[in-house]
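Inspection log for the structure reproduced underneath, given as C-alpha cells.
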Amino acid sequence: MSEKTFRLYDTMTRQVKPLETIEPGHLRFYSCGPTVYSYAHIGNFRTFLTADLVIRTAKAIGMNVTYVSNITDVGHLTQDDVADAGGEDKMARALSSKEGEQFNNVWELAEYYEDAFLDDWARLNLLAPQVRPRATQHMREQIVAAEQLIEQGNAYETPSGVYFNVESFPTYGKLSGNTQENLKKGVREVVLDENKREQADFALWKKDDKHLMQWYSPFGWGFPGWHLECSVMARKYLGDTLDLHAGGEDLIFPHHECEIAQSEALTGKPFSNHWIHTRFLQVNGEKMSKSLGNFYTVRFLLEKGADPLAIRYALISGVYTKPLNFTDQSLSDAMGNLERFKRSDAAVAAGIEAGRPGDDLIGANLEELYDQALDSMLNDLNTSVALAKALEGTRVILRDAESMSAASADSGKRYLDRINDLLGIVRPEHDLDAHQSHAPVVKVDEARIEQLIADRNNAKKAKDYALADQIRKDLDAEGIELRDTPEGTVWVVKSAL
RNA sequence: GGUGCCGUGCCCAAGUGGCCCAAGGGGACGGUCUGCAAAACCGUUAUUCGGCGGUUCGAAUCCGCCCGGCACCUCCA
C-alpha cells in the first residue's frame, strides 16, 4: 500500500474526498449493472467504464479490490405503478416487442442480451468483476429481506404487493438532496394506488400471478421490485457497509435512494461510505434515445469499422463528472490516438527485437509521465489529463523509434504495460472467440489490391507518375489508402466513420 | 414547482483563488521526409475563459444577478 491518496467526488457529501476503505488496502465496491432487456448502449458503457477506471486506479496504488456488478434480469418496471392489469416489467415488454419475437420466452431473451452484454464488456477491455450476481438467482434473499422489513415496520403488504414505507426512514432523499416534503410536492400526476400509504412508497414485491417471471413467496406469486436486488446482493457479497457504490446519474433517484432506505433499515448501518455517479453521455449534443435515432450500441459502431478500444478511448476522454458529447468526430479522434499507442507498442517490440546497444534515453521521462497520469487518475479520475500524459509518452517513444536502443525499448515496453493496466487503451486484454459478426463493412479483394500496387510500383519505376497517381486515386475512392514506406507500399482500409 | 449539473479557441476537452498571458486531441497553417502524396516527426495556432456587477494584493476559478443549455423528481447508465 503506497502513500498515495485516491480522491473521488462523493455524491452524498457533494465534495471530493479521499476514498477510505473499512479494511485498509481492500476496496469493497459495488457498481449497478444493466437490465438485459436490450443491447446496452455506449452511454451504459460510459458508466461501467467509470467503475473500471476506479478499479484500475485503485490497483495501481496497490489496493485489493473486490468488485461486484450485477445483471438485472427481472423486476425493472417500466412504471413503478400501473393501474391496468397489463403492467409489465422491462423484460416482459421487450419480449412482446418486434425484436423479442425471435425468443421463445423471457428467459431466453435475458440470456441472449446478457451474452451480448458480456461480449461488448470484454471488447471494451472492462475488467471482470469477482462476482456478477443476477437478480433471478437471489430470489430467496429478496423475499427474506421483504419479510424482515415488514416485521420491522418499514414495509407493509397490500393487495398489489409489498411496499417500503418511506416515512419510516426519515432521511429518505438525502442522497439526491431532497426532503420528503419536496418529494411529495414533486410527485407527478401518475396513476394513484389507493393501497399505498404514501405515493412515494416503493415496491419491494409485486403480486402478479400472470407475470412471465414469477416466484412463490409468503405474499403469493409475483416478482421482486427493482431496487431490492442491489441491496440484497451487495450485502451478500460485500457486507453490510460498502466502501464505494457507483452508477449512472439517473440512479441517484430513486434507485440508490431506495437502496439506502432498504439496506440501512435492515442493517442499521450505513449502506455505503462513498457514492459516485457518472454523468450522461450525449450523442451529437442530444440525449441518446431510440426515437432520435442516435441510440449507439457497441456492435453498431464496430460494424461501422470502429476499433473497440477507440470506443473505449472516446468514452473516457472526458471526465465522468461532466456530461460528455460523443460524436463521429470524437470517435475518429480516438481512433487516431489509439493508433499512436499501437505504433508505440510495435516500435518498442521492434526495438527489443533489434537489440541495439546504447543507453536508456527515454526511461526517466516515461517514468515521470506515468506518475503524472496516475496522479491525474487519483485526482477524481481526471481521464482527460491522464490520456494527455499517456499520449505524450507515445511521442517520446515514437520520436526515438528509428534508432531505439534495447534499453530504451525495455523502458518503453514497461511504460506501455503500465499505461495499459491503468487506462486499458493500448491492447485488448481479453481473448475473444472471434465470431466475426462485427467485421468492417468494406469488402476487400486483397489479391486485386496487391496486383494494383505492383502495377503502380512498375509505373513509378518507369516514371509514369500520372498512372501511378491514378491507381492510388482510384483505390482511395474505394476506401483503400496506400502508403509508401521504407519497407514498401502498404494499404489500409479507411474507416467508414 | 422541487433537486442538481454545465457554458473555456473553428470542433472536442482539462484546469475551480497566484506554478494559467489556460493541458491534451482534432482541424488549419508552416517545416523535415517524399517523384508527388499519405503516414510519421517538428513547429505555429485563446492576453482569454456566456454576460454584467462584486469580493480579493490577485479570479476561468469565490459571491450575486442575468442569458443560454442539460439532467432527475418513481421507465433510463
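Below, chains carry the letters A, B, ... as their sequence lines are ordered, and counting in each starts from 1.
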key: Base paired to A28(B) (Watson-Crick or G-U; both N/O distances under 3.5 angstrom)   = U44(B)
task = Both distances under 3.5 Å, Watson-Crick or G-U wobble: report the partner of C65(B), or none.
result = G51(B)
message = Using the ring centroid of each side chain, check whether His41(A) and Tyr296(A) are separated by less than 6.0 Å.
response = no
inquiry  = In this structure, how many angstroms lie between the C1' atom of C11(B) and the CG atom of Asp333(A), rounded?
reply    = 8 Å
task = Remember a base hit wins even if backbone is also touched, and classify His41(A) as base, sugar-phosphate or nothing at under 4.0 Å, heavy atoms.
result = base
key: Options C12(B), A77(B), G26(B), nucleotide nearest the side-chain atoms of Gln329(A)   = G26(B)
request  = Can you tell me the distance, in whole Å, between the OH atom of Tyr465(A) and the C1' atom of U34(B)?
outcome  = 10 Å
task = With the side chain of Leu251(A) defined as its heavy atoms from C-beta on, choose the nearest nucleotide among A77(B), A40(B), A14(B).
result = A77(B)
request  = Indicate the ring-plane relationship of Phe164(A) and Phe202(A), choosing parallel, tilted or perpendicular according to the 30° and 60° boundaries.
outcome  = parallel
query = Mind checking the P distance from U45(B) to C20(B)? Whole angstroms is fine.
reply = 16 Å
ask   = Quantified in whole Å, what is the C1' atom distance between nucleotide G15(B) and nucleotide C62(B)?
value = 16 Å
ask   = Nearest of A13(B), C12(B), A77(B) to any side-chain atom of Ser330(A)?
value = C12(B)
task = Answer yes or no for this row: Phe280(A) ring on A71(B) base, centroids under 5.5 Å, planes under 30°.
result = no
ask   = Under 4.0 angstrom, heavy atoms only, what part of the nucleic acid is Leu391(A) near: base, sugar-phosphate, or nothing?
value = sugar-phosphate
request  = Check the angle between the aromatic planes of Phe48(A) and Trp121(A) and answer parallel, tilted or perpendicular using the 30° and 60° thresholds.
outcome  = tilted
message = Starting the side chain at C-beta, find the nucleotide from C70(B), U74(B), A77(B) nearest to Pro254(A).
response = U74(B)
ask   = Base, sugar-phosphate alone, or nothing: which one does Arg472(A) contact when heavy atoms must sit under 4.0 Å apart?
value = base
task = Determine the interatomic distance between P on A59(B) and the same-named atom on G18(B); round to the nearest Å.
result = 11 Å
message = Can you measure Met377(A) atom CE to A14(B) atom P for me and round it to whole angstrom units?
response = 13 Å
message = Could you tell me how far U56(B) sits from C72(B) if I compare only their P atoms? Round to whole Å.
response = 41 Å
query = Just checking Ser176(A): base, sugar-phosphate only, or nothing, at a heavy-atom cut-off of under 4.0 Å?
reply = sugar-phosphate
